[in-house]
Number of protein chains: 2
Amino acid sequence: MADEMKMQRNPMADIGLDVLEDTLSFYIRSINMAISRDLDASLDGLEVARGTGKITTLLLVDRHPGIRPSVIATLIQRDRSAMVRLVDQMEESGLLTREVAPDDNRAQGLFITGRGRALAAEIRPRVVRQSREFFPDITDEEHAVLIRVLGRTYRRIVGLPPAGKNKTSGEP
Amino acid sequence: MADEMKMQRNPMADIGLDVLEDTLSFYIRSINMAISRDLDASLDGLEVARGTGKITTLLLVDRHPGIRPSVIATLIQRDRSAMVRLVDQMEESGLLTREVAPDDNRAQGLFITGRGRALAAEIRPRVVRQSREFFPDITDEEHAVLIRVLGRTYRRIVGLPPAGKNKTSGEP
DNA sequence: TATTGTTATACTCTATAACTATA
DNA sequence: TATAGTTATAGAGTATAACAATA
């Protein structure tokens, strides 16, 4: 009788996630969707909302004048064709400019504009704050572990040297 | 002299990521892209590759016969319209069936088919293995911390009760 | 022959709104 | 009035292949 009464009063209450309960990729993929939506909302109207590459591109160009599109493409894990559209878009918005690289006529260097620099300054604290505030229920220690472990994984994926060793210009 | 020689021999070697270096959302978003691509590759040809909802839907329907699309939609953070297309697709593939819910004619229950059950059994170990092998350079302890912290965050986002309390059918 | 940037295309995902039928 | 599912559509992202110019 009580068995028949349970029905689905709160359908969420007793849902088990099967093996996904212990599967990191599931959590990464799920949280990615939520955090990206939240980030878009917190940057609404700012020309860098939507999509995963614009913020990184802006900050990298601001920090590394003359950086090449192909380098950024590697760091944001896009192919060159996707990178072209990204740079097109940001150039049209007046955030950066392209110049032919002095040492290689095939390549380009990207340079920040005044507007781009202002926007970078505007979003920098916002991006950091949004990221931390998205995890209100984790401790600073847990946060540090996540940064360390996920940072290590990211660097391995894109081919950056391990943390703390990026001061020396390494061998190829 | 040595200053002029550095040029850009290995362009990746000394790239700083600006504030993104300490921004969790950046790592989540970046790793998400890589892990999703890798998962797609490891499930190539299996009818559940591509896109984030199919695997979860299959395992949830297999585990919870009669589960409603709207419940799954909440757990995978999609709206109902996206859920419809997902279920359409999986029904056409013969992985699950829809039935009108006996207690509410508006609602549906989803049920696994033989093919669906077989596919679920096929992918379960693959998904778990892929997830762990994608992080070859983290310890089991670090892995456990990630599962615990990200799992907690996921449950908060989608409105599931905290871990360990999902045995009791909670109040609404 | 390999690399950098470019263009084109097809495919998928995302977000939004409006609609139906039930409750 | 609110909810479960559905349909339609515009916009954005993704993957792929082919191309030109340069190394």
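In what follows, every heavy atom counts, from backbone to side chain, and hydrogens, waters and symmetry copies are set aside.
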- Separation of B/Leu86 atom CG from C/dT12 atom C1', in whole Å? 12 Å

- Message: Looking only at the side chain of B/Val84 (C-beta and beyond, no hydrogens), which of the listed nucleotides D/dT7, D/dT9, D/dT14 gets closest?
- Response: D/dT7

- Item | Side-chain-base donor-acceptor pair under 3.5 Å for A/Arg106 and C/dG5 | no

- Message: Expressed as a whole number of angstroms, how long is the span from A/Glu99:CD to C/dG5:P?
- Response: 14 Å

- Item | d(CD, B/Gln89; P, D/dG5) in whole Å | 18 Å

- Note on the structure: Ranking C/dG5, D/dT7, D/dA15 by distance to the side chain of B/Asp88, first place goes to D/dT7

- Task: Could you check A/Asn105 against A/Lys54 and say which one's nearest nucleotide on DNA chain D is further toward the 5' end?
- Result: A/Lys54

- N or O in side chain of A/Arg37 less than 4.0 angstrom from C/dA15 OP1/OP2: yes

- Query: Can you check the B/Arg68 CZ to C/dA23 C1' distance for me, whole Å?
  - Reply: 12 Å

- Query: Atom CZ of A/Arg80 to atom C1' of D/dC19: distance rounded to whole Å?
  - Reply: 11 Å

- Query: Any ion pair linking B/Asp137 and A/Arg152 (charged N to carboxylate O, less than 4.0 Å)?
  - Reply: no

- Considering heavy-atom distances to DNA chain C, does A/Asp40 or A/Val87 have its closest nucleotide positioned more toward the 5' end? A/Val87

- Take atom CG of B/Asp103 and atom C1' of D/dT3, then tell me their distance rounded to the nearest Å. 13 Å

- Message: If I take atom CD in residue B/Gln108 and atom C1' in nucleotide C/dA21, what distance separates them, rounded to the nearest angstrom?
- Response: 12 Å

- Against the side chain of A/Arg78, the closest entry in C/dC13, D/dA23, D/dT14 is D/dT14

- Message: Mind checking if B/Asp104 touches a base, just sugar-phosphate, or nothing, with heavy atoms under 4.0 Å?
- Response: sugar-phosphate

- Message: What is the distance, to the nearest angstrom, from the CG atom on B/Asp79 to the P atom on D/dA8?
- Response: 16 Å

- Item | salt_bridge(B/Arg29, A/Asp40) N-O dist < 4.0 Å | no

- Base, sugar-phosphate, or nothing for A/Ala82, non-hydrogen atoms under 4.0 angstrom? nothing

- Task: Go through the steps for B/Arg132 and B/Asp140 under the test salt bridge (Lys or Arg N to Asp or Glu O under 4.0 Å), then give the verdict.
- Result: CA-CA 10 Å; B/Arg132 188 60 184 89; B/Asp140 287 343; 2.9 Å; yes

- Item | Distance test, side-chain N/O of B/Arg98 to OP1/OP2 of D/dT6, below 4.0 Å | yes

- Message: At 4.0 Å (heavy atoms only), tell me whether B/Ser81 reaches a base, stays on the sugar-phosphate, or touches nothing.
- Response: base

- May I ask you to check whether A/Arg126 and A/Ser42 show a side-chain donor-acceptor distance below 3.5 Å? no

- Item | Single hit among A/Phe134, A/Phe135, A/Phe26 for ring-ring contact (aromatic ring centres under 6.0 Å, His included) with B/Tyr154 | A/Phe26

- Item | Given D/dG5, C/dA15, D/dA15, the nucleotide with the shortest approach to the side chain of A/Arg85 | D/dA15

